[in-house]
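Step one of this worksheet: look at the structure below.
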Amino acid sequence: MKIATYNINGVKARLPRLKEWLEETRPSVACLQEIKSQDKDFPAHEFEALGYSLIWHGQKSFNGVAVLVDTKAGYSLNEVKRGLGIDGPKEGEGEQSRYLEADVTKDGQTARIVCIYLPNGNPQPGPKFDYKLAWMEKLRARMAEIWAEEVPAAILGDYNVIPQDDDVYSVKAMASDALMQPESRAAYSRLLADGWTDAVRTHNPNGGVWTYWDYQAGAWQRDHGFRIDHILLSPELADRLNAVGVDREHRGREKASDHAPTWAILRD
DNA sequence: ATGACAATTGGGAATTGA
């Protein structure tokens, strides 16, 4: 089973790139973030035509997540939960679309798949940063519930956290950013301390792997990137981890997202 | 300190992102 996470930065603007990525790399499960589409406008048929089943949780203008499974390869999915029950940082805006959880099944084997788009938190300090930290605690509580269910589970997505100094091209350049504040890192570390495994880190213990390059200041050309898209695995799935990777080449294409797809392969 | 880029909404300029 190949599971992947990809912050696509707009499903409508990215549709050709996204479809070719699915066809070229054929993930069994794909978690998408920043679909930037309302539910009614989400082009589900485009993905169904490629042999994927999917669920999505959209929102006007920004945010939004989706989970796709390869029906051609025999996978099916059932939604378990959408939303963590936490309101956005603006008064009265309600909950943002950042969380989608499903059971994915093939040949009688089921894994819990959670797609997250964790709040960015900039500028910090401020209400958006407070929201980020509160969201991370909500996530941790939900992950503890999943842990207690003792199901094989993977929590994939854009965590908007640079876990360590060797996960960024320049510590100095990003020092004041919400992505690498001590509070953000501590909250992420607590997830690992709870027993979850950072799949990409496990296979790259010295860091140096990027999943995001800014559109600005020639960041891609200079390889000024960092790692914020993560795949966290329960112990059973961590034991089955075969390989991880980042589809860097897709970041360099025409009209690409500023993130690159990040994936892990698990033995059946 | 600021802006550099890009997507969305709405049909211009503001918001958001990281």
Side-chain angles (χ1 to χ4, degrees), chain A residues 5-19 21 32-43 56-66 87-99 115-133 135-136 157-165 167-185 187-188 209-230 246 248 250-262:
Chain A
T5 176
Y6 192 4
N7 180 321
I8 57 172
N9 189 16
V11 71
K12 288 183 276 287
R14 214 66 63 210
L15 198 53
R17 287 289 87 84
L18 186 53
K19 286 167 67 177
W21 172 70
L32 309 180
Q33 301 89 35
E34 283 207 89
I35 63 175
K36 296 187 175 179
S37 167
Q38 297 184 74
D39 282 342
K40 65 178 177 62
D41 298 326
F42 190 80
W56 62 97
H57 186 199
Q59 183 177 344
K60 192 175 180 178
S61 299
F62 67 126
N63 303 324
V65 286
D87 286 343
K90 282 187 181 172
E91 185 70 30
E93 73 169 300
E95 180 156 21
Q96 299 177 340
S97 299
R98 296 179 174 278
Y99 184 96
C115 176
I116 68 163
Y117 176 45
L118 208 148
N120 166 304
N122 281 307
Q124 71 80 29
K128 289 187 174 181
F129 190 59
D130 296 340
Y131 169 56
K132 176 187 192 131
L133 297 179
W135 205 95
M136 292 186 82
D158 179 356
Y159 280 70
N160 269 318
V161 174
I162 298 168
Q164 300 186 36
D165 285 353
D167 291 312
V168 59
Y169 76 100
S170 165
V171 169
K172 189 180 171 188
M174 295 293 289
S176 63
D177 198 286
L179 307 195
M180 54 177 280
Q181 291 313 295
E183 297 94 328
S184 309
R185 286 182 166 180
Y188 185 79
V209 176
W210 317 147
T211 67
Y212 171 91
W213 296 257
D214 202 292
Y215 287 123
Q216 304 176 63
W220 168 247
Q221 289 75 11
R222 298 174 181 182
D223 198 26
H224 286 182
F226 38 85
R227 187 172 75 98
I228 51 175
D229 300 277
H230 306 308
V246 177
R248 280 180 64 109
H250 286 258
R251 174 62 182 84
R253 295 191 185 186
E254 207 59 38
K255 291 276 285 179
S257 169
D258 40 6
H259 293 250
T262 304

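This structure is a prediction, so every number in the text was calculated from the model and none was measured. For the numbers below, each heavy atom of this structure counts, side chains included, while hydrogens, waters and symmetry mates do not. In what follows, every chain begins at residue 1, and chains take the letters A, B, ... in the order their sequences are listed.
Regarding contacts with the backbone of dG17(B), a side-chain N or O of Lys128(A) is found under 4.0 angstrom from either OP1 or OP2. The side chain of Asn160(A) places an N or O atom within less than 4.0 Å of a non-bridging phosphate oxygen (OP1 or OP2) of dA18(B). Phosphate contact (OP1/OP2 of dT16(B), side-chain N/O of Tyr117(A), threshold under 4.0 Å): absent. Within the 4.0 Å cut-off from OP1 or OP2 of dA18(B), at least one side-chain nitrogen or oxygen of His259(A) is found.
Of all nucleotides listed (dA7(B), dA18(B), dG10(B)), dG10(B) comes nearest to the side chain of Lys60(A). Listed nucleotides: dC5(B), dT16(B), dA18(B). Nearest to the side chain of Asn7(A): dA18(B). Side-chain atoms of Lys36(A) lie closest to dA7(B) of the nucleotides dA18(B), dA7(B), dT16(B). Closest to the side chain of Ala13(A), out of dA7(B), dG17(B), dA18(B), is dA7(B). Distance from the side chain of Tyr215(A) is smallest to dA6(B) among dA6(B), dA18(B), dT15(B). Of the candidates dA7(B), dG17(B), dC5(B), the closest approach to any side-chain atom of Gln216(A) belongs to dC5(B). With dG17(B), dA7(B), dT9(B) as the choices, the nucleotide that has an atom nearest any side-chain atom of Phe62(A) turns out to be dG17(B).
Proximity of a side-chain donor or acceptor of Trp56(A) to a complementary backbone N or O of Asp39(A) within less than 3.5 Å is detected. Thr211(A) places no side-chain N or O within donor-acceptor distance of the main-chain N or O of Arg227(A), the cut-off being under 3.5 Å.
Using P as the reference atom, dG10(B) and dA6(B) are 23 Å apart when rounded to the nearest Å. Between dT8(B) and dG3(B), the distance separating the two P atoms is 24 Å to the nearest Å.
Among the heavy atoms of the strands, none lies under 4.0 Å from Asp177(A). Among the atoms of the strands shown, none is found under 4.0 Å from any heavy atom of Lys132(A). Nucleic acid contact for Asp158(A): sugar-phosphate only, since backbone atoms but no base atoms lie under 4.0 Å from a heavy atom of the residue. Within 4.0 Å (heavy atoms only), Arg17(A) reaches no atom of the nucleic acid at all.
If you take CG of Asn63(A) and P of dG17(B), they are 6 Å apart, rounded to a whole angstrom. Phe226(A) has its CZ atom 11 Å from the C1' atom of dG17(B), to the nearest Å. Gln59(A) places its CD atom 11 Å from the C1' atom of dT16(B), with the value rounded to the nearest Å. In this structure, the CZ atom of Phe129(A) is 13 Å from the C1' atom of dA18(B), given to the nearest Å.
Side-chain contact of Lys128(A) with Asn122(A): a donor-acceptor pair under 3.5 Å is absent, judged by distance alone. Judged purely by distance below 3.5 Å, without hydrogens or angles, the side chains of Thr262(A) and Asp229(A) never pair a donor atom with an acceptor atom.
The CZ atom of Arg98(A) sits 10.5 Å away from atom CD of Gln33(A), with the distance rounded to the nearest 0.5 Å.
Using cut-offs of 30° and 60° on the angle between ring planes, the pair Tyr188(A) and His230(A) is tilted.
Nearest-nucleotide positions on DNA chain B place Ile35(A) closer to the 5' end than the other of Ile35(A) and Gly121(A). Each of Lys12(A) and Ala217(A) lies near DNA chain B, and the nucleotide nearest Ala217(A) is the one positioned closer to the 5' end.
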